[in-house]
Amino acid sequence: MSKKIVIIGGGIAGISSAVFSSELGFDVELYEASPKLGGRAYSFFNSEQNSFFDNGQHILAGWYENTLEFFRIIGSLQKLNFQPSLDINFYNTEQKKFHLNIPASKPPLNIIKGIFSFDSLTLKDKLSFLRFIPFISKANPSKAKHIKDIPVSDLFIKYRQTENLIKYFWEPFLLAVFNATPENISSALLWNILKTGFRNKSSSSLLIPDVNLNELYIDDAISYFKRSGIQFKTGIKVRKIEFNKHKDSIVATNVTQNVKCIILDNGEEIFADEFICAVPFFRLKELFADDIYEKYFKVTESLRTSAITSVHLFFEDDIPEQMLSSENFGMNGLIGTKVQWLFKRSKRHLSLVISGSDFLENITETDSNIILSLCIKELSLCFKGFDKLKLKSFKVVKEKRATFLPEVNSEKYRISSTGIFENLYLAGDWTN
């Protein structure tokens with residue numbers, strides 16, 4: 001008889017936990033408090049356009065090995081556009097276009113070749129990048145005593161990275177990967193990403209969905225659930241995680257805690273052999289008794305989050321190809337603006353991304369019409385004739401808790417997904 005796993009949370013962490021658990025032969029039940037699966041990866045229906053559009057543009061990278069395996073299992077892999085190598089066009093506020101290509105060759109030569117062919121950089125900038133190569137080659141900074149974990153901004157000073165290199169290469173890279181600026185990123189985490197992202201020829205290339213997020217993540221996952229017998233229930237909130245009582249103190253250090261059941265909002269008790277908690281760290285306090293939370297989870301209160309603001313622009317007429325081409329699957333970087341990324345989703349639809357938007361004059365608290373005006377102004381600086389395009393409609397989406405903030409010391413507050421409890425596991429991007 002198969003063991004039963006109950007999963008709390010139906011975001012990407014919960015959905016992928018369900019899929020991989022099912023593949024291992026478990027009977028799976030999943031509970032999601034909201035009316036839909038997907039968490040922060042979901043799509044809206046736009047009645048004016050009679051089509052779905054995403055809450056924000058999601059991109060993946062070649063190093064997302066487990067995510068790609070997840071897509072393969074549920075049948076979504078063919079819905080991704082794979083770049084042969086990392087290839088992005090950048091535009092600045094002087095309407096100049098620059099091209100970055102990291103060739104599919106052996107690391108670290110691939111990134112060196114890419115930097116030396118990047119036409120936005122001077123020879124001084126390129127030589128300053130070479131000074132950074134020893135950092136990538138070092139032993140793990142989080143384990144090596146001789147390497148102190150400092151903010152990436154201090155790391156750039158230490159390795160004498162030029163202002164122009166930071167502006168045109170490092171900041172776009174960091175915002176895309178970490179949703180944060182250099183002063184808010186741990187150098188140890190940067191080292192880990194660089195080691196992972198440039199460890200082979202294809203790992204640094206980008207993967208951009210050819211469909212909306214519902215089609216990529218949710219629809220095929222639900223089809224897999226039904227084929228595999230995974231039970232999932234939306235609109236049902238888990239009120240508490242109940243532990244078995246021990247004769248010793250429930251928080252005694254020598255006692256291995258064992259989950260008895262979960263209790264739903266209606267009071268129903270759900271029993272299982274194993275449990276996975278796949279909720280954001282800021283929801284943990286709601287699920288655990290005070291003594292359990294204080295001992296094991298209170299440390300997560302020191303984690304901070306970072307926001308992403310997305311702006312969707314829909315136009316009356318086609319956007320001229322000579323103004324903004326559809327190459328590289330419509331992905332473009334902007335330099336010197338608050339809008340960092342622009343995706344041409346169709347001939348009349350642009351998706352704009354402002355990462356770390358709570359650190360940029362608190363854009364997440366700004367009125368949507370003011371954000372729209374900012375976007376139109378910045379795009380008009382970057383693309384000749386953009387201000388002449390006739391806007392049909394727009395949508396501003398603010399994800400105030402889009403990601404955890406990967407700052408120095410954040411590793412201390414991220415909890416291991418296993419090993420704390422006998423039959424309870426944690427899942428999510430915030431876990432260690």
Side-chain angles (χ1 to χ4, degrees), residues 40-59 81 88-98 172 175-176 179 208-216 307-400 402:
R40 287 163 285 175
Y42 60 92
S43 303
F44 296 97
F45 183 75
N46 184 344
S47 56
E48 289 186 35
Q49 305 292 328
N50 194 33
S51 64
F52 283 94
F53 67 93
D54 298 333
N55 70 323
Q57 178 64 48
H58 286 232
I59 59 172
N81 292 307
I88 305 174
N89 290 324
F90 289 92
Y91 296 84
N92 67 13
T93 54
E94 298 175 354
Q95 299 178 1
K96 293 180 179 179
K97 179 181 177 181
F98 305 98
L175 285 164
N179 188 34
I208 300 174
D210 200 30
V211 295
N212 65 60
L213 292 175
N214 283 357
E215 293 181 64
L216 180 66
I308 296 176
T309 297
S310 301
V311 182
H312 295 270
L313 305 179
F314 300 94
F315 296 92
E316 293 281 1
D317 301 307
D318 292 355
I319 302 165
E321 186 72 12
Q322 64 269 25
M323 177 189 297
L324 183 61
S325 75
S326 303
E327 62 185 352
N328 296 331
F329 311 120
M331 180 180 179
N332 299 274
L334 302 184
I335 302 296
T337 55
K338 291 183 175 63
V339 176
Q340 300 118 3
W341 300 102
L342 180 155
F343 295 84
K344 189 176 182 182
R345 299 300 296 161
S346 73
K347 292 181 179 180
R348 300 186 182 187
H349 175 200
L350 295 181
S351 175
L352 316 179
V353 178
I354 307 174
S355 298
S357 54
D358 42 352
F359 294 102
L360 294 173
E361 300 176 13
N362 206 6
I363 284 177
T364 48
E365 301 301 326
T366 302
D367 179 80
S368 294
N369 287 294
I370 296 176
I371 294 175
L372 171 66
S373 298
L374 167 71
C375 293
I376 297 296
K377 179 181 178 181
E378 291 191 340
L379 268 61
S380 297
L381 290 173
C382 295
F383 302 100
K384 186 177 181 179
F386 186 88
D387 55 341
K388 302 296 192 296
L389 296 177
K390 188 175 181 181
L391 189 68
K392 183 177 182 180
S393 61
F394 76 100
K395 176 75 173 179
V396 175
V397 184
K398 302 172 182 177
E399 285 284 352
K400 295 187 177 182

Practice task
For N332 and G330, indicate whether the former's side chain and the latter's backbone hold a donor-acceptor pair under 3.5 Å.
Solution key: yes

Practice task
Not counting sequence neighbours, which residues clear side chain to side chain contact (heavy atoms under 4.5 Å, CB included) with R40? List them please.
Solution key: E399, D429

Completion exercise
Result for side-chain contact (heavy atoms from CB on, under 4.5 Å) between Y42 and one of N214, N212, L213 points to N214

Completion exercise
Residues K398 and E365: closest non-hydrogen pair is NZ-C, 4.3 Å

Handout entry: Side chain to side chain, F98 and I335, heavy atoms closer than 4.5 Å
Key = no

Exercise for the section: Only pairs at least two apart or in different chains count here, so list each salt bridge (charged side-chain N to carboxylate O under 4.0 Å, His left out) that has a residue in residues 372-383. Expected result: none

Practice task
Kindly state each residue pair satisfying ring pair (Phe, Tyr, Trp, His ring centres under 6.0 Å) with at least one member in residues 361-383, sequence neighbours excluded.
Solution key: Y91-F383

Handout entry: salt bridge (charged side-chain N to carboxylate O under 4.0 Å, His left out) partners of residues 325-344, not counting sequence neighbours, each pair once
Key = K97-E327, E321-K344, K338-E361

Practice task
Output, in order, the C-alpha distance, side-chain angles, deciding distance and verdict of side chain to side chain contact (heavy atoms under 4.5 Å, CB included) for K400 and D358.
Solution key: CA-CA 8 Å; K400 295 187 177 182; D358 42 352; over 6 Å; no

Fill in the blank from the handout: Heavy-atom closest pair (I354 atom, S357 atom, distance to 0.1 Å) is O-CB, 3.6 Å

Practice task
Return yes if some donor-acceptor pair links the side-chain N/O of Q340 with the main-chain N/O of S355 below 3.5 Å, else return no.
Solution key: yes

Exercise for the section: If the plane angle is over 60° it's perpendicular, under 30° parallel, otherwise tilted; pick one for W341 and F90. Expected result: tilted

Completion exercise
Tightest non-hydrogen contact, residues P209 and L216, listed as CG-CD2, 3.7 Å

Practice task
First locate atom OG1 of T366, then atom CG of L374, and finally report the distance between them rounded to the nearest 0.5 Å.
Solution key: 8.5 Å

Exercise for the section: Would you name the heavy atoms of G56 and S310 that are closest together and state the gap between them? Expected result: CA-OG, 3.2 Å

Exercise for the section: Could you tell me which residues satisfy ring-ring contact (aromatic ring centres under 6.0 Å, His included) with F386, sequence neighbours excluded, listed by chain and number? Expected result: F315

Practice task
Working to the nearest 0.5 Å, report the span between CG of D54 and NZ of K395.
Solution key: 13.5 Å

Practice task
In sequence, state the C-alpha distance, the side-chain angles, and the governing distance for S373 and N369, and then conclude on side chain to side chain contact (heavy atoms under 4.5 Å, CB included).
Solution key: CA-CA 6 Å; S373 298; N369 287 294; 5.6 Å; no

Handout entry: Any side-chain heavy-atom pair of V311 and V339 under 4.5 Å
Key = no

Exercise for the section: Please list, chain by chain and in numerical order, all residues satisfying ring-ring contact (aromatic ring centres under 6.0 Å, His included) with H58, sequence neighbours excluded. Expected result: none

Exercise for the section: Apply the test side chain to side chain contact (heavy atoms under 4.5 Å, CB included) to residues R348 and I319: give CA-CA distance (whole Å), side-chain angles for both, the deciding distance (0.1 Å), then the verdict. Expected result: CA-CA 6 Å; R348 300 186 182 187; I319 302 165; 5.8 Å; no

Exercise for the section: Can you measure from CG (N179) to CZ (F359) and round to the nearest 0.5 angstrom? Expected result: 8.5 Å

Fill in the blank from the handout: Interatomic distance, CG@L313 vs CG@L379, rounded to 0.5 Å, equals 7.0 Å

Handout entry: Euclidean distance, N92 CG relative to L334 CG, rounded to 0.5 Å
Key = 9.5 Å

Handout entry: Interatomic distance, I208 atom CD1 to R345 atom CZ [nearest 0.5 angstrom]
Key = 8.0 Å

Handout entry: Residues T337, L381; criterion side chain to side chain contact (heavy atoms under 4.5 Å, CB included); working and verdict
Key = CA-CA 9 Å; T337 55; L381 290 173; 5.7 Å; no

